[in-house]
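Below is one structure, written out as structure tokens, with a few remarks after it.
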Protein chains: 4
Amino acid sequence: MTQPAEPKTVSPSVPDRLLAEATRLFAQHGFDRVSVQELVEAAGVTKGAMYHYFTSKDDLLFAVYQRVLDMQMSRLVQIVEGGGGVAERLHAAASDVVQTTVDNLDDTVIFFRSLHMLSPGRQSEVRKERRRYHELFRSLIEEGMREGVFHEKVPADIVVNYFFGSIHHLGMWYRADGELDGAQLGGYYADLLLASLRAG
Amino acid sequence: MTQPAEPKTVSPSVPDRLLAEATRLFAQHGFDRVSVQELVEAAGVTKGAMYHYFTSKDDLLFAVYQRVLDMQMSRLVQIVEGGGGVAERLHAAASDVVQTTVDNLDDTVIFFRSLHMLSPGRQSEVRKERRRYHELFRSLIEEGMREGVFHEKVPADIVVNYFFGSIHHLGMWYRADGELDGAQLGGYYADLLLASLRAG
Amino acid sequence: MTQPAEPKTVSPSVPDRLLAEATRLFAQHGFDRVSVQELVEAAGVTKGAMYHYFTSKDDLLFAVYQRVLDMQMSRLVQIVEGGGGVAERLHAAASDVVQTTVDNLDDTVIFFRSLHMLSPGRQSEVRKERRRYHELFRSLIEEGMREGVFHEKVPADIVVNYFFGSIHHLGMWYRADGELDGAQLGGYYADLLLASLRAG
Amino acid sequence: MTQPAEPKTVSPSVPDRLLAEATRLFAQHGFDRVSVQELVEAAGVTKGAMYHYFTSKDDLLFAVYQRVLDMQMSRLVQIVEGGGGVAERLHAAASDVVQTTVDNLDDTVIFFRSLHMLSPGRQSEVRKERRRYHELFRSLIEEGMREGVFHEKVPADIVVNYFFGSIHHLGMWYRADGELDGAQLGGYYADLLLASLRAG
DNA sequence: AATGAATGAGATTTCATTCAT
DNA sequence: AATGAATGAAATCTCATTCAT
């Protein structure tokens, strides 16, 4: 009658199933083109169940954003605070963001394509968190500039936007089944970034 | 009775008004969030008139794409075929695409955010034309690689995707009323691109 | 400059082309499913031209009805007033109506399927003319009854409805490219009618 | 609190109400002339409710067809498999189909007038079922022919089409408030059919 | 005689959400 | 925790007809 406190194997919970299908469908067809009906059918739950866990369709989209933001931020913090020279850490950070982006391409596609579909309040939340992320990345570049490792011909925030544009764009052309794996691509992108910054 | 041969000022034609409002509204709220009703009201025409000129809402979106594609392509062709060293021409091309992008930011926002909302057949058309554009840009980079002006550590097509990601992203942060004008920004972006390619 | 009074060959006139295409399209898709746009395109004329010759779409449908009514009536009159015994003339009339029906199957399909789509006033006109047609046919049967050639177990007007139901139905199953030609079928139908009426 | 196990009267369910009103309105004005708006107002339900139970307007029409097809088929099977001579059973079948047709005149009117408005796939389904029905009827005639009770001057399938044309046509002239009731009319029609088939 | 741009009403369908159970 | 019937507003698109030329 009672359930074991820690079942060894369970099929994913209702909210998890919804989140997974939402990510897949929103990336594939776009937030506005996915109806709640389709979504719950894909997740194998009922509408009522969905509205039990999420207050709205918008809420589901926001949940996807939170998952991405959390993951990216925690990884970047780890790298920035890790050891090594600034060029080395910037290279690692750039390479890592490429790798995690291609590993979670659906999330990225949603991230940039659907931000304007969140409610204004939640858009602000996401932008604020995103800004913190960019600032952390920028601080790394500024550190290199101060140390004279990087030139200062181009303002650091422009470099950051320049680089993250490239990242953002990955969802539009990178295919996991191609000949290029995430690590290689991360290497190339990090090399391009470092090359464009190197002093001299 | 007779019309002046060259009227100095005319109110824009119905399709032109529709195209202008569509561009503005699609960029601002997203294709799916703009209703035909809103659109025709903004353009000051009736729904019937709209459907007289455009077979569907999708058709309007496609018309926006065609306008952007034509403009970008013709400018690039002019630069590529112009005179000067390869580095010089690449710098000019990169700088120009930044400038025209920020001058037509609405179109750019639509371009990348709404491509998946076009009918599949039209998506193909747009992608094909876009590919031709990228290939022309890439041919310039390859020319520089063959001449030894650019290093070959990173494949040319990856460089192209890297750079156009940055362009694509402009719509997400650049504001015309900021302190940075298009020419300056074009200079920065072109410098970053050239720096990341320079041999040695 | 002037046109010859009797040109040897001309492409059909605008109203004729419209009438021909209307008949074909109304039979194929149903009056309500054929738009004026489709119709004028199929006829190779413009909308304005159509409205020059026909006051409305309904008017076109009515023109189709008039053509059918006129043809059927004139043929029946000729047969009824022709010579021969009553059984012979009824057989000829029955056989002929089958033949002309399968020769003009589109018209028949329209006749029975779209009558309720005519304006009420025109419906009355058609029904009145149709009634005259049925009455003429019935008079032939009644003549045979009076002469004792046909039995009177079933009222003549019921026989008429019975028979014309069969005619009406031809459009739902008869195919011109089948193995049965109109004359054969007319023979069968006339035989069935006569058999069901024969006295004794 | 508890519901009676067998409530004596309940207001018909939403889909039942819709089906009843659809039958009435489609017969009266034609499928294409009845808007969903009119329909749901007549049934006293909302549009949303209608689309909850029926996937389209077409679906409603199909539901009408299914009801008619089921009823006709089950009655015919019962008669064909019943006892008695073949002439007797054919007379009973013919008479019964007249009776049930005039008892459900709306359905019949819809049946023949609107078949071409169903989606192609559903038209096929209906035609297939209708063919099965005709074949059963034909098998009775063929049985009589083999036994020598009926002549073979006219092929059995033509007789079937001939007779069902008459049935089909009932909706165009029979009025329930006239002086002729369904049983009488059924008698007449069955007599005419048998007379036209009788050997000798 | 003929054009074709323009109208405006109305068509079917979709959808996020609510709520009694 | 979960159901699924029901809502009602809004969506895109169609269409017969008119009218200035």
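Values in this document were obtained by computation on a predicted structure and should not be read as measured data. Chain A is the first sequence line, chain B the second, and so forth, proteins listed ahead of strands; every chain is numbered from 1.
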Short side-chain N/O contact to E/dA5 OP1/OP2 from B/His52, under 4.0 Å: yes
- prompt: Looking at DNA chain E, which of residues 18-27 of chain B put a heavy atom within less than 4.0 Å of it?
  reply: none
Report, one pair per line, the protein and nucleotides 18-21 of chain E atoms (nitrogen or oxygen only) whose separation is under 3.5 Å.
none

task: Under the ring pair (Phe, Tyr, Trp, His ring centres under 6.0 Å) rule, collect the residues that match up with C/Phe111, sequence neighbours excluded.
output: C/Tyr65
task: Please identify each residue that fulfils side chain to side chain donor-acceptor pair (under 3.5 Å) with C/Thr23, with sequence neighbours left out.
output: C/Arg67
- request: Run the salt-bridge test on A/Glu21 and A/Arg24 with the 4.0 Å N-O cut-off and return the result as yes or no.
  value: yes
- prompt: If you check every side-chain atom of C/Lys57, which of E/dT12, E/dA5, F/dA16 has the closest atom?
  reply: F/dA16
field: From CA spacing to verdict: side chain to side chain donor-acceptor pair (under 3.5 Å), C/His116, D/Arg33
entry: CA-CA 10 Å; C/His116 66 293; D/Arg33 304 276 234 228; over 6 Å; no
field: Set of residues satisfying side chain to side chain donor-acceptor pair (under 3.5 Å) with respect to C/Glu41, sequence neighbours excluded
entry: C/Gln37
task: Name all pairs fulfilling the salt bridge (charged side-chain N to carboxylate O under 4.0 Å, His left out) condition that reach into residues 44-55 of chain C, sequence neighbours left out, sorted by first residue then second.
output: none
statement: Nearest-nucleotide check on DNA chain E, D/Met50 vs B/Ala49; residue mapping nearer the 5' end is B/Ala49
- prompt: Does anything in residues 31-46 of chain D reach DNA chain E, meaning a heavy atom under 4.0 Å, and if so which residues?
  reply: D/Val34, D/Ser35, D/Val36
field: Pairing string, 5' to 3', for DNA chain E - Watson-Crick or wobble contacts under 3.5 Å, brackets [ ] where pairs cross, | to another strand
entry: .||||||||||||||||||||
message: So, using ring pair (Phe, Tyr, Trp, His ring centres under 6.0 Å) as the criterion, who are the partners of C/Phe54 when residues are at least two apart?
response: none
Those residues that, when tested against D/Asp106, pass side chain to side chain donor-acceptor pair (under 3.5 Å) (two or more places apart): none
message: Tell me every residue that passes side chain to side chain donor-acceptor pair (under 3.5 Å) with D/Asp58, counting only those two or more places apart in sequence or in another chain.
response: D/Arg122
- request: Taking only the side-chain heavy atoms of A/Val14 (C-beta and beyond), determine which of F/dG4, F/dA2, F/dC13 contains the nearest atom.
  value: F/dA2
query: Of all of residues 117-126 of chain D, which get a heavy atom below 4.0 angstrom from DNA chain F, listed by number?
result: none
